[in-house]
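Note sheet for the following structure.
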Number of protein chains: 2
Amino acid sequence: MHKFGVQGNINTWLDQIHHEYKTAVSVDCVIFGYDHSGLKILLIPCDMPPFENRLSLLGDIVHPDETTDEAAHRVLSTRTGLDDIYLEQVQVFSDLKRHPLSRVITVSYYSLIKIENDDFLLEKDNLGLQWKNVKDITELAFDHKLIMDTSLDRLKRNLREHPIGFALLPSVFTLNQLQTLYESVLGFEMDKRNFRRKLGNLEILKATGETQKDVSHRPAKLYYFDKEAYEEKLKNGFSFGL
Amino acid sequence: MHKFGVQGNINTWLDQIHHEYKTAVSVDCVIFGYDHSGLKILLIPCDMPPFENRLSLLGDIVHPDETTDEAAHRVLSTRTGLDDIYLEQVQVFSDLKRHPLSRVITVSYYSLIKIENDDFLLEKDNLGLQWKNVKDITELAFDHKLIMDTSLDRLKRNLREHPIGFALLPSVFTLNQLQTLYESVLGFEMDKRNFRRKLGNLEILKATGETQKDVSHRPAKLYYFDKEAYEEKLKNGFSFGL
DNA sequence: TCAAAAGTGTTACTTCTACACCCATGC
DNA sequence: GCATGGGTGTAGAAGTAACACTTTTGA
């Protein structure tokens with residue numbers, strides 16, 4: 001093999017590239033939801049051999065007139081009817097054999113949605129669309145299990161460094177719900193008093209003044225994430241951490 | 001616009017995709033090097049209009065028979081003759097107008113090399129290939145400035161959380177060289193004694209027993225990064241941090 | 001003997017961890 | 001009145017940040 005600089009810079013050579021250098025590009029979305037039973041992702045049955053009996057992530061080919069971010073947003077809004085969803089690019093998977101029909105390079109995203117808003121599951125075009133507990137997922141179609149695991153690692157990290165957990169909870173929540181979310185996703189228990197003290201110091205939660213109703217114990221105060229306060233603090237060099 | 005589930009799962013619909021949904025995919029490498037004058041990246045002149053007077057990152061189209069990781073490694077080894085280079089995927093850039101000739105989705109990588117090994121600059125096929133100080137770079141061809149900035153952010157973060165700084169230094173170095181690297185990349189000064197204490201506690205550096213030669217001051221001890229010790233510690237739940 | 005970087009400890013402050021009891025509500 | 005989760009403070013440990021002088025070498 002030649003050693004140095006024999007091929008051109010892509011940017012100078014692109015006009016020599018013919019269509020066999022082109023490839024299909026897709027996006028795959030790991031859509032996380034959360035409820036009392038734990039962290040879940042949204043899956044759909046796969047009908048492509050040899051994966052007919054498996055579930056797969058939601059994805060689609062990237063269209064010529066959209067960015068990959070836009071494609072991911074399109075997949076989400078088409079499937080769920082939801083806009084303004086937390087969405088983050090994870091990474092590219094480009095294994096040659098990852099797709100049985102042809103070469104498909106995929107860009108993975110993860111997103112966080114409030115599981116309470118899942119009326120879209122009833123839509124007739126969404127047949128088979130379902131939530132699965134992350135802990136119960138042992139295999140998926142294609143390399144989607146790998147994509148899920150990679151996204152989950154990313155989620156765990158971001159959960160501690162950015163105020164994104166709120167995107168998985170109802171817009172108003174109790175401190176215990178928040179702590180349980182953290183424990184469930186991260187996989188270890190946290191001390192109640194320390195957790196609450198840290199949150200208090202952050203000063204990004206506001207009490208609604210309301211409390212829980214119809215619970216057979218002392219009702220908890222309800223809070224919401226004060227995004228404006230958070231962004232104001234960001235400007236002053238503040239950084240979130242739990 | 002239709003609302004729900006009208007398009008198929010990519011995985012079930014791929015056979016319907018014709019070639020106009022295919023696109024060129026490239027990799028672009030932000031190759032970092034470091035010496036006393038600071039952090040640099042490797043650039044090459046661009047000869048594609050309208051960027052004839054700008055420099056660009058090293059990149060190439062992804063071939064049909066290779067992953068994007070392999071393409072990035074190929075670009076690196078073809079240009080520099082170096083193998084076994086630290087390489088990490090950053091993210092995809094897919095803006096529709098990012099490339100003047102046609103749509104090109106690019107996967108960016110950053111890599112770290114020991115600048116002392118830059119004989120490859122002399123190769124005839126590498127005409128114009130050059131190191132530029134990151135601080136002096138105000139514009140690049142295409143969206144490469146954005147790619148550089150994004151990669152630099154990633155580097156800064158990883159530098160504090162993973163033992164990667166060593167990949168930019170000679171295989172044997174002084175503690176002061178290491179500290180200066182950190183200060184230069186991260187952009188703030190660190191306390192010498194605290195820095196050394198932290199490093200000592202990590203127990204991943206070993207003294208060679210040698211010292212600097214031919215310096216007109218007290219010669220510093222030389223160290224190397226003990227990768228085996230580091231990986232052993234990793235298994236026991238250790239995590240790097242500076 | 002001077003210049004220049006190497007090397008080394010202590011103290012105050014901040015943050016983190018571990019831990020136990022009373023409170024408000026529904027049944 | 002009892003079961004259930006809600007809500008609160010303190011003390012010890014660990015880690016971080018700030019700070020100055022002596023040493024070794026070459027010129």
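Within every chain, numbering begins at 1; the chains are lettered A, B, ... in the order of the sequence lines, protein sequences first and strands thereafter. All values below come from the heavy atoms of this structure, side chains included, with hydrogens, waters and symmetry mates left out.
Ion pairing of Arg157(A) with Asp153(A) is absent here, as no side-chain N (NZ or NE/NH1/NH2) approaches a carboxylate O to less than 4.0 Å.
The stretch residues 173-196 of chain A touches DNA chain D through Asn176(A), Lys192(A), Arg193(A), Arg196(A), each having a heavy atom under 4.0 angstrom from the strand. Residues from residues 198-224 of chain B placing a heavy atom under 4.0 Å of any atom in DNA chain D, listed by number, are Val215(B), Ser216(B), His217(B), Arg218(B), Pro219(B). A heavy atom lying under 4.0 Å from DNA chain D marks none of the residues of residues 235-242 of chain A.
When only modelled atom types and interatomic distance are considered, Ser37(B) and Asp35(B) share a side-chain donor-acceptor pair under 3.5 Å.
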Tyr109(B)/Thr68(B) under side chain to side chain donor-acceptor pair (under 3.5 Å): CA gap, chis, key distance, verdict: CA-CA 9 Å; Tyr109(B) 285 79; Thr68(B) 57; 2.8 Å; yes

Please report the C-alpha distance between Thr67(B) and Asp69(B) in whole Å, then the side-chain angles of each, then the deciding distance to 0.1 Å, and finally whether the side chain to side chain donor-acceptor pair (under 3.5 Å) criterion is met. CA-CA 5 Å; Thr67(B) 64; Asp69(B) 285 15; 5.3 Å; no

Check step by step if side chain to side chain donor-acceptor pair (under 3.5 Å) holds for Asp28(A) and Ser108(A). CA-CA 5 Å; Asp28(A) 281 300; Ser108(A) 60; over 6 Å; no

Determine, step by step, whether Arg218(B) and Gln212(B) satisfy the side-chain contact (heavy atoms from CB on, under 4.5 Å) criterion, reporting the C-alpha distance in whole Å, the side-chain angles of both residues, the deciding distance to 0.1 Å, and the verdict. CA-CA 9 Å; Arg218(B) 176 174 173 177; Gln212(B) 284 180 306; over 6 Å; no

Criterion side-chain contact (heavy atoms from CB on, under 4.5 Å) on Leu186(A) and Leu159(A), from CA distance to verdict: CA-CA 8 Å; Leu186(A) 297 176; Leu159(A) 197 58; 4.3 Å; yes

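The salt bridge (Lys or Arg N to Asp or Glu O under 4.0 Å) check on Glu116(A) picks up nothing, with sequence neighbours excluded. Considering only residues two or more places apart in sequence or on other chains, Arg154(A) meets the side chain to side chain contact (heavy atoms under 4.5 Å, CB included) condition with Glu88(A), Val90(A), Tyr110(A), Asn158(A).
For Asn133(B) (side chain) and Asp136(B) (main-chain N/O), no donor-acceptor pair under 3.5 Å exists by modelled atom type.
Here the straight-line distance linking atom CD1 of Ile31(B) with atom CD1 of Ile85(B) works out to 7.0 Å at 0.5 Å rounding.
With Phe166(A) as reference, Phe173(A) is the one residue of Tyr224(A), Tyr230(A), Phe173(A) to meet the ring-ring contact (aromatic ring centres under 6.0 Å, His included) rule.
Protein chain A contacts DNA chain C over a range whose 5' and 3' limits, counting nucleotides with an atom under 4.0 angstrom from a non-hydrogen atom, are dT17(C) to dG26(C).
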